[in-house]
Amino acid sequence: MKWQHRVRKGRRLGLLLLVGLPIAGYVLLNPHGLIQRVRLELLKQEVAQKLKGAELEHQRLQELSKKLESDKHTIEKVAREKFGMLREGETVYKIKPKR
């Protein structure tokens, strides 16, 4: 009787593997499967982070644009830093770093 029980158990396991493995492979590996879903979720998170960074940069540039339209201090700062402009009578000294 024991050997019959073992044979039945072996057949069940064999049937389970025969049916289960192809189903598991299909669920995991097909183009709409679990692995592809995980990849797409990671890509979605990465794109969302880039979008948030771009939105913050856009907001910063809008604030700078508004300041450049009206704030004389900001206009002067940009003129000095970006374009090397000087006030009348100013002298610029360039200091070389020690090596």
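Keep in mind that the numbers below use all heavy atoms, side chains included, and drop hydrogens, waters and symmetry copies. We count residues from 1, following the sequence as given.
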Closest non-hydrogen atom pair between Leu68 and Val78, with its separation: CD2-CG2, 3.8 Å
Within-4.5 Å side-chain heavy-atom neighbours: Leu40 and Lys44: no
Nearest-0.5 Å distance, CG of residue Leu34 to CD of residue Gln36: 10.5 Å
From Gln62 atom CD to Leu64 atom CG, the distance as rounded to the nearest 0.5 Å: 11.0 Å
Steps toward salt bridge (charged side-chain N to carboxylate O under 4.0 Å, His left out) verdict (Arg60, Glu57): CA-CA 5 Å; Arg60 185 188 68 79; Glu57 179 69 10; 2.7 Å; yes
Derivation of the salt bridge (charged side-chain N to carboxylate O under 4.0 Å, His left out) call for Arg80 and Glu76: CA-CA 6 Å; Arg80 288 172 173 274; Glu76 181 180 341; 2.9 Å; yes
Identified side chain to side chain contact (heavy atoms under 4.5 Å, CB included) partner of Thr74 from the options Glu63, Lys67, Lys66: Lys67
Minimal non-hydrogen separation, Glu90 against Arg87, with atom names: OE1-N, 2.9 Å
Rounded distance [0.5 Å steps], CD1 in Ile75 versus NE2 in His73: 11.0 Å
Residues that, via side-chain heavy atoms closer than 4.5 angstrom, fall in one hydrophobic cluster with Val38: Leu42
